[in-house]
Amino acid sequence: MRYDLVIFDNDGVLVDSEPLSNTVLAGYLTELGHPTSYEESIRDYMGSAMHRIHELVMERTGQRLPEDFDDVFHSRVFAAFERELKPVPGAREMLEKLAADGVPYCVGSSGSHERIRVGHRATGLDRWFPAGRVFSSQDVGRGKPAPDLFLYAAREVGVAPERCVVVEDSPLGVQAAVAAGMDVCGFTAMTSAEKLTEAGATALFADMAELLGLLR
């Protein structure tokens with residue numbers, strides 16, 4: 001393997017959660033008087049931590065979101081996860097291969113630890129992510145596109161940044177990995193190859209079955 005650590009984004013890379021969560025987010029923001037389409041939610045918030053939603057709404061409208069916004073949003077998203085969430089096609093097989101080959105891997109997600117756990121439990125991916133393999137923007141001061149989360153994950157696992165590769169599907173996540181000095185494999189399932197390349201992705205793939213070849 002070319003790398004000593006593979007850091008997976010979670011939403012959209014391991015669990016197919018972006019359509020569900022952005023449908024919920026667009027609907028909730030619209031309900032609160034901030035009309036937002038699904039496409040706008042994907043464009044503005046995909047791959048970001050919760051604080052970015054608050055910051056953009058304040059910047060655009062001068063209004064603060066309700067104090068219980070995060071709790072209400074997460075309760076709706078988790079309910080949708082329990083009903084409908086599936087793993088990204090090929091994610092289970094990829095994790096099985098990495099585990100069988102003894103390749104170190106972990107998650108570096110903008111989502112909260114609770115969101116990650118709920119998603120992994122709903123999809124059966126929790127078996128591949130014991131304690132010490134899950135890192136959240138909750139663990140650092142700044143979420144993506146800042147490099148803090150990926151640098152923290154590498155430091156906790158004990159691998160130099162230049163020996164890490166990040167698997168991402170959002171421009172914000174790609175920018176964070178590049179800022180951390182890591183290579184990035186951009187997953188084009190929901191984001192165009194052009195946008196991921198512009199953000200700095202060093203390789204691209206459209207199907208999880210292609211990823212292993214990029215890591216070797």
Side-chain angles (χ1 to χ4, degrees), residues 7-88 106-126 129-153 156 168-176 190-191:
I7 305 176
F8 288 96
D9 175 42
N10 189 57
D11 294 291
V13 171
L14 295 176
V15 296
D16 194 18
S17 54
E18 295 292 7
L20 294 175
S21 60
N22 281 282
T23 296
V24 171
L25 178 57
Y28 188 27
L29 287 173
T30 299
E31 178 184 316
L32 292 172
H34 307 290
T36 305
S37 68
Y38 170 78
E39 291 76 17
E40 289 168 337
S41 183
I42 290 287
R43 180 194 68 198
D44 294 340
Y45 304 119
M46 180 175 159
S48 67
M50 289 298 294
H51 66 79
R52 179 178 170 84
I53 302 172
H54 291 265
E55 291 166 359
L56 279 183
V57 170
M58 171 61 76
E59 177 184 315
R60 291 170 174 175
T61 70
Q63 299 177 21
R64 294 185 182 279
L65 291 170
E67 289 188 6
D68 65 349
F69 178 86
D70 290 14
D71 291 338
V72 173
F73 171 66
H74 282 126
S75 69
R76 295 182 182 186
V77 167
F78 295 166
F81 282 5
E82 296 289 354
R83 292 192 307 268
E84 304 176 58
L85 188 63
K86 305 293 183 185
V88 167
C106 66
V107 160
S109 172
S110 292
S112 66
H113 278 285
E114 184 181 12
R115 176 181 172 128
I116 298 167
R117 285 196 302 272
V118 169
H120 284 185
R121 187 169 59 245
T123 57
L125 296 186
D126 49 343
F129 292 99
R133 288 199 184 185
V134 177
F135 304 99
S136 160
S137 61
Q138 286 184 313
D139 301 323
V140 295
R142 299 180 300 168
K144 305 169 187 177
D148 305 37
L149 173 58
F150 292 140
L151 292 173
Y152 174 76
E156 288 295 301
E168 266 287 355
D169 71 330
S170 75
L172 290 176
V174 172
Q175 291 168 20
M190 288 195 64
T191 306

K.L.:
Can you sort out the partners of Glu31 under side-chain contact (heavy atoms from CB on, under 4.5 Å), two or more places apart, ordered by chain and number?
P.N.:
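Here the qualifying residues are Tyr28, Arg76.
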
K.L.:
Working to the nearest 0.5 angstrom, can you tell me the gap between Asp126 CG and Ile116 CD1?
P.N.:
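It comes to 12.5 Å.
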
K.L.:
State whether the side chain of Thr191 and the backbone N or O of Ser170 hold a donor-acceptor pair below 3.5 Å, judged by distance alone.
P.N.:
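Between the backbone of Ser170 and the side chain of Thr191 there is no qualifying donor-acceptor contact (under 3.5 Å).
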
K.L.:
According to salt bridge (Lys or Arg N to Asp or Glu O under 4.0 Å), who are the partners of Asp11, at least two apart in sequence or on a separate chain?
P.N.:
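Partners of Asp11 under the salt bridge (Lys or Arg N to Asp or Glu O under 4.0 Å) test: Arg115.
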
K.L.:
Do Asn10 and Val15 have side chains that approach each other closer than 4.5 Å (heavy atoms only, starting at C-beta)?
P.N.:
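Yes - at least one pair of side-chain heavy atoms lies under 4.5 Å apart.
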
K.L.:
Working to the nearest 0.5 Å, report the span between CZ of Phe150 and CD1 of Ile7.
P.N.:
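Phe150 CZ to Ile7 CD1: 6.5 Å, rounded to 0.5 Å.
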
K.L.:
Do side-chain atoms of Thr36 reach the backbone of Thr30 as a donor and acceptor pair under 3.5 angstrom?
P.N.:
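No.
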
K.L.:
Which pair of heavy atoms, one from Leu85 and one from Gly119, lies closest together, and at what distance?
P.N.:
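It is CD2-CA, 3.5 Å.
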
K.L.:
How would you list, by chain and number, every residue that makes a side-chain contact (heavy atoms from CB on, under 4.5 Å) with Pro147, sequence neighbours excluded?
P.N.:
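Applying side-chain contact (heavy atoms from CB on, under 4.5 Å) to Pro147 gives Arg142, Leu151, Ala179, Ala180.
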
K.L.:
For Gln138, which residues count as a side-chain contact (heavy atoms from CB on, under 4.5 Å) partner, sequence neighbours excluded?
P.N.:
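With sequence neighbours excluded, Gln138 shows a side-chain contact (heavy atoms from CB on, under 4.5 Å) to Ser112, His113, Ser136, given in chain and number order.
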
K.L.:
What residue pairs, at least two apart or across chains, pass ring-ring contact (aromatic ring centres under 6.0 Å, His included) with a residue in residues 34-62?
P.N.:
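Those involving residues 34-62 are His54-Phe69.
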
K.L.:
Under 30°, 30 to 60°, or over 60°: which ring-plane class applies to Phe78 and Phe81, parallel, tilted or perpendicular?
P.N.:
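Tilted, since the angle between the ring planes falls between 30° and 60°.
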
K.L.:
Output, in order, the C-alpha distance, side-chain angles, deciding distance and verdict of side-chain contact (heavy atoms from CB on, under 4.5 Å) for Glu114 and His74.
P.N.:
CA-CA 9 Å; Glu114 184 181 12; His74 282 126; 5.7 Å; no

K.L.:
Going from NE2 on His120 to CG on Leu14, what distance comes out if it is rounded to the nearest 0.5 angstrom?
P.N.:
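Answer for the NE2-CG pair, His120 versus Leu14, is 5.5 Å.
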
K.L.:
Heavy atoms only: give me the nearest Ser17-Gly12 pair and the separation to one decimal.
P.N.:
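So the minimum-distance heavy-atom pair works out to OG-N, 3.9 Å.
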
K.L.:
Between CG of Leu29 and OG of Ser37, what distance do you get to the nearest 0.5 Å?
P.N.:
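If I round to the nearest 0.5 Å, the distance is 10.5 Å.
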
K.L.:
What is the minimum heavy-atom distance between Glu18 and Gly47, and which atoms define it?
P.N.:
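Taking every non-hydrogen atom into account, OE2-N, 3.9 Å.
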
K.L.:
Got a donor-acceptor contact below 3.5 angstrom from the Arg52 side chain to the Asp44 backbone?
P.N.:
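Such a contact is found between Arg52 side chain and Asp44 backbone.
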
K.L.:
By side-chain contact (heavy atoms from CB on, under 4.5 Å), which residues pair with Arg64, not counting sequence neighbours?
P.N.:
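Checked Arg64 against side-chain contact (heavy atoms from CB on, under 4.5 Å); matches are Met58.
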
K.L.:
Heavy atoms only: give me the nearest Gly108-Leu149 pair and the separation to one decimal.
P.N.:
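Answer, listing the atom of Gly108 first, then Leu149: C-CD2, 3.6 Å.
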
K.L.:
Out of curiosity, Glu84 CD to Leu20 CG, how far, rounded to the nearest 0.5 Å?
P.N.:
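Reported value, rounded in 0.5 Å steps: 5.0 Å.
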
K.L.:
Using every non-hydrogen atom in the two residues, find where Ile53 and Leu65 come nearest and quote the distance to one decimal.
P.N.:
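Where Ile53 meets Leu65 most closely, the heavy atoms are CG2-CD1, 3.9 Å.
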
K.L.:
Minimum heavy-atom separation for Lys144 and Ser109, please, with both atom names.
P.N.:
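That would be NZ-CA, 4.2 Å.
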
K.L.:
Could you state the interatomic distance from CZ (Phe129) to CZ (Arg117), rounded to the nearest 0.5 Å?
P.N.:
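That separation rounds to 14.5 Å.
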
